[in-house]
Amino acid sequence: MMTFLFVLHGLCAVLLLGAITHQALSVWWPVKGGGNPTFMARFRAVKAANYVNAVIVLFIVTFALGAIVYPNYRIGARVFMENLRMSAAVGSFEVKEHLVSFALGLLPAYWYFWKDPAAKDQVRTRKIIVLLMAVFVWAGFLVGHVLNNIRGV
């Protein structure tokens with residue numbers, strides 16, 4: 001059962017990563033002009049506001065699943081890495097915990113500033129919040145992926 005939850009956590013993390021990446025690129029690197037759009041232009045041409053609810057739900061589900069599998073990691077994988085004196089790997093997970101917690105705390109502000117995407121006075125704030133969320137999600141995903149490759153749960 002724990003393996004299933006761990007895989008589900010990873011799949012939700014990939015979905016969240018895709019949603020926040022689409023949104024961040026569409027906000028920070030918008031498509032200008034017409035012509036024959038490239039793959040990256042079509043990737044960035046999404047409406048950023050359409051991703052808000054998906055990001056929020058996926059973040060909460062991914063966080064909850066991570067909280068469920070967390071004790072298993074702490075007892076199994078972390079002890080294994082500590083015994084091998086892999087302090088950088090253990091420390092990177094500690095940093096991941098903090099970044100994901102920051103992102104969780106940022107989630108209400110993320111929702112608040114995206115509830116009215118037409119508000120022109122909040123464009124810069126939305127851009128910064130999306131960038132922070134994207135950085136936190138990417139960091140969490142990469143650290144989790146590398147640590148899973150070192151020692152899966």
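Only this structure's heavy atoms are used, side chains among them; waters, hydrogens and symmetry mates stay out.
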Legend entry - More than 12 heavy atoms from other groups under 6.0 Å of OH on Tyr70: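 For Tyr70, atom OH is crowded (more than 12 foreign heavy atoms under 6.0 Å).
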
[X], [Y]: one ILVMFWY side-chain cluster at the under-4.5 Å cut-off?
X	Y	answer
Phe113	Phe59	yes
Val57	Leu11	no
Tyr112	Leu106	yes
Phe136	Trp111	yes
Val14	Val143	no

Could you grab the distance from atom [atom1] of [X] to atom [atom2] of [Y], nearest 0.5 Å is fine?
X	Y	atom1	atom2	value
Phe141	Thr62	CZ	OG1	10.5 Å
Leu16	Ile56	CG	CD1	11.0 Å
Tyr110	Thr125	OH	OG1	14.5 Å
His145	Ile150	NE2	CD1	11.0 Å
Arg78	Phe93	CZ	CZ	9.0 Å
Ser92	Leu99	OG	CG	10.5 Å

Where do [X] and [Y] come nearest, in terms of heavy atoms and distance?
X	Y	result
Ala48	Trp114	CB-CH2, 3.5 Å
Arg126	Asp116	NH1-O, 3.4 Å
Gly66	His9	N-ND1, 3.3 Å
Val61	Cys12	CG1-SG, 3.8 Å
Val137	Leu17	CG1-CD1, 3.9 Å

Legend entry - Test item: Ile60 and Leu107 side chains (from C-beta on) under 4.5 Å apart, heavy atoms: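 They are in contact (side-chain heavy atoms under 4.5 Å apart), so the answer is yes.
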
Inset, instruction - Kindly indicate whether the side chain of Lys115, heavy atoms from C-beta on, has any atom under 4.5 Å from the side chain of Val52. - result: no

Inset, instruction - Check whether the ring centres of Phe6 and Tyr73 lie less than 6.0 Å apart, and answer yes or no. - result: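 Phe6 vs Tyr73: aromatic centres not under 6.0 Å.
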
Inset, instruction - Determine, for Arg74 against Glu94, whether the closest basic-nitrogen to carboxylate-oxygen distance falls under 4.0 angstrom. - result: yes

Legend entry - side-chain contact (heavy atoms from CB on, under 4.5 Å) evaluation trace for Gln23 with Asn50: CA-CA 8 Å; Gln23 188 180 40; Asn50 292 346; over 6 Å; no

Inset, instruction - Answer yes or no: is there a donor N or O on one side and an acceptor on the other, between the side chain of Trp28 and the main chain of Lys127, under 3.5 Å? - result: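 Checked: pair present.
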
Inset, instruction - Given side-chain contact (heavy atoms from CB on, under 4.5 Å), test Thr21 with Trp138 step by step and report yes or no. - result: CA-CA 9 Å; Thr21 301; Trp138 267 100; 2.9 Å; yes

